[in-house]
Amino acid sequence: MDTSQRTPPWRRPATKVFVVLPAYNEQENLGTLLERIDRSMFENRLDYEVIVVDDGSGDETLAVARRYAEDMPVRIERHEVNQGLGATIRDGLKAAAEACGDEDIVVAMDADNTHTPGLIRSMVELVREGNDVVIASRYQRGALVCGVPFHRRVLSSGAGLLFRVVFPIRGVRDYTCGFRAYRGTVLKRAFQVYGDGFVSESGFQCMVDILLKLRRMNCIFREVPMILRYDLKGGASKMKVGRTIVRTLALMLRRRFGG
Ligand SMILES: Nc1nc2c(ncn2[C@@H]2O[C@H](COP(=O)(O)OP(=O)(O)O)[C@@H](O)[C@H]2O)c(=O)[nH]1
Ligand SMILES: [Mg+2]
């Protein structure tokens, strides 16, 4: 074998995947999810680091994260006091944007073990192929949703329809799902452009907020069908449905009519 050949410098920086997990009282789900992420990344030969953002959980979420950090690459960010999903996803994405190199990719997913880590491989592949944001979508052919209560289905389809009319984004049907892959350089640019205002909504409507901000940056969006395993979820949903509807509509009106 010829050992005189060095690895050329352009091949060296392999893509690293940063997996951001906003976690609030997820002691029942976080451990299983971390194990599934580790196994999936190993099987798919992806270099990765998980960033768990514990949002002032009152349960053992932090202890679970610390335990797994001994065996796999887990970095822990902490809010002393509960600040809500918006601030938590913002801080997770920011930590990832600061840590990541130009070739790296940031994946955000729910910490409740309802999103399938096996999908990360194809999302990463699509970013490598030239897409800036890849959304795991409930509204593409081949998607499957297990165990989501009827009123929640109506809510997210309603939001999807409305946003597709008012703020059409080429390639996007699922505006609210939290499972997404972002090109690292795009996130870096978003924080340069908007600062902390990149995610200015505090509740669950932050997912829409992020998309609308990226839309203004002319990103290339793409969706992949996902299997949502809501039936695997331990514990109740933390979404306050009424409040999320009101705030999402308010966000839409504000962005549509200025202010
Ligand atoms: N930081 C933070 N995260 C939250 C809060 N509520 C929910 N989350 C996280 O946001 C994600 C989505 O919440 P989840 O209960 O899964 O909502 P659902 O799946 O839409 O019913 C999960 O990773 C939660 O841990 C909160 O108050 N603060
Ligand atoms: Mg969830």
Side-chain angles (χ1 to χ4, degrees), residues 18-34 36-37 50-65 68 74-96 106-117 119-120 135-139 143-160 174-180 196 198-211 226-245 247-248:
F18 289 85
V19 182
V20 172
L21 302 178
Y24 178 57
N25 292 345
E26 297 289 4
Q27 63 175 18
E28 283 179 67
N29 304 307
L30 185 62
T32 316
L33 175 61
L34 288 173
R36 294 176 74 203
I37 290 173
V50 176
I51 300 177
V52 174
V53 189
D54 171 43
D55 190 28
S57 297
D59 68 355
E60 294 299 309
T61 297
L62 187 61
V64 172
Y68 280 88
V74 175
R75 179 204 299 215
I76 302 169
E77 304 276 332
R78 248 188 107 190
H79 292 164
E80 294 287 336
V81 181
N82 182 252
Q83 296 185 28
L85 182 57
T88 308
I89 198 95
R90 180 197 67 212
D91 291 346
L93 293 179
K94 198 159 130 187
V106 180
V107 172
M109 60 200 292
D110 280 6
D112 63 351
N113 197 29
T114 57
H115 296 159
T116 309
L119 192 57
I120 293 174
I135 300 172
S137 170
R138 294 160 289 182
Y139 309 119
L144 193 66
V145 171
C146 308
V148 177
F150 181 71
H151 72 280
R152 286 290 305 268
R153 282 183 192 230
V154 172
L155 185 62
S156 14
S157 338
D174 198 326
Y175 284 72
T176 47
C177 180
F179 193 5
R180 296 177 185 161
D196 277 357
F198 175 41
V199 190
S200 50
E201 293 286 318
S202 61
F204 278 70
Q205 62 285 1
C206 63
M207 297 319 304
V208 176
D209 188 26
I210 291 171
L211 275 195
M226 81 142 145
I227 297 173
L228 178 63
R229 292 298 305 273
Y230 215 75
D231 55 328
L232 294 183
K233 189 178 173 76
S237 169
K238 284 147 207 134
M239 185 201 274
K240 298 189 176 70
V241 175
R243 182 197 281 187
T244 303
I245 295 177
R247 292 191 178 175
T248 304

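Quick note: numbers below take in every heavy atom, side chains included, and nothing from hydrogens, waters or symmetry partners. Both ligands and their constituent atoms are indexed starting at 1 by order of listing.
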* Asked: Nearest protein heavy-atom contact for atom 5 (C) of ligand 1: which residue, which atom, what distance?
  -> Y24 CB, 3.6 Å
* To do: Flag P22 as yes when one of its N or O atoms lies below 3.5 Å from any N or O atom of ligand 1, and as no otherwise.
  => yes
* With a 4.5 Å heavy-atom cut-off, do I135 and L211 have their side chains touching? -> yes
* Between N25 and G58, is there a donor-acceptor pair closer than 3.5 Å when you use the side chain of the first and the backbone of the second? -> yes
* Mark yes or no for whether D174, through its side chain, and R138, through its backbone, hold a donor-acceptor pair below 3.5 Å. => yes
* To do: Please examine the side chains of V50 and R75, heavy atoms only from C-beta on, and report whether any two atoms are closer than 4.5 Å.
  => no
* With a 4.0 Å cut-off on heavy atoms, does R152 reach ligand 1? -> yes
* May I ask you to identify the nearest protein heavy atom to atom 11 (C) of ligand 1, giving residue, atom name and distance to one decimal place in Å? => D110 OD1, 3.6 Å
* Which atoms of ligand 1 sit under 4.0 Å from any heavy atom of D55? -> 1 (N), 2 (C), 26 (C), 27 (O), 28 (N)
* Structure fact -> protein heavy-atom neighbour closest to atom 21 (O) of ligand 1 works out as Y230 OH, 2.3 Å
* To do: Would you mind listing which atoms of ligand 1 come within a distance below 4.0 Å of any non-hydrogen atom of E26?
  => 22 (C), 23 (O), 24 (C), 25 (O)
* May I ask whether K233 has any heavy atom positioned less than 4.0 angstrom from an atom of ligand 1? => yes
* Do Y139 side-chain atoms and S157 backbone N/O form a donor-acceptor pair below 3.5 Å? -> yes
* Structure fact -> ligand 1 atoms nearer than 4.0 angstrom to some heavy atom of T88 are 1 (N), 2 (C)
* **Nearest-0.5 Å distance that lies between atom CD1 in I37 and atom CG in N113** => 9.0 Å
* Asked: When you look for heavy atoms under 4.0 Å from ligand 1, do you find them on the side chain of K238, its backbone, both, or neither?
  -> both
* Asked: Has the side chain of D209 got a donor or acceptor atom that lies under 3.5 Å from a matching backbone atom of E201?
  -> yes
* **Residue-ligand contact G178/ligand 1, heavy atom below 4.0 Å** => no
* atom 27 (O) of ligand 1: nearest protein contact (heavy atom, Å) -> N82 ND2, 3.4 Å
* Just wondering, more than 12 heavy atoms not from I227 lying within 6.0 Å of its CD1? -> no
* ligand 1 and T114, any nitrogen or oxygen pair closer than 3.5 angstrom? -> no
* With heavy atoms only and a cut-off of under 4.0 Å, state how S237 meets ligand 1: side chain, backbone, both or neither. => both
* Output yes when a side-chain donor or acceptor of D55 lies under 3.5 Å from a complementary backbone atom of N82, and no otherwise. => no
* Asked: Is any N or O atom of A236, backbone or side chain, closer than 3.5 Å to an N or O atom of ligand 1?
  -> no
* Just by modelled atom types, is the E26 backbone N or O under 3.5 Å from a matching donor or acceptor in the T61 side chain? -> yes
* Minimum-distance N/O/S atom that D112 presents toward the Mg ion (ligand 2) -> OD2
* Closest approach of any protein heavy atom to atom 17 (O) of ligand 1, naming residue and atom -> F204 CE2, 3.4 Å
* Has K240 got more than 12 heavy atoms of other residues, nucleotides or ligands less than 6.0 Å from its NZ? -> no
* R153 side chain to V145 backbone, donor-acceptor under 3.5 Å -> yes
* To do: For A111, counting its heavy atoms only, list the atoms of ligand 1 lying under 4.0 Å from any of them.
  => 22 (C), 23 (O)
* Asked: Is it true that a side-chain atom of S57 and a backbone atom of D59 form a donor plus acceptor pair closer than 3.5 Å?
  -> no
* Which atom, counting only N, O or S, brings D110 closest to the Mg ion (ligand 2)? -> OD2
* **Numbering as shown, the atoms of ligand 1 that approach A23 to under 4.0 Å (heavy-atom distance)** => 25 (O)
* To do: Using a strict 4.0 Å cut-off to heavy atoms of D112, name the atoms of ligand 1 that fall inside it.
  => 14 (P), 16 (O), 19 (O)
* Sub-4.0 Å heavy-atom approach of L85 to ligand 1 -> yes
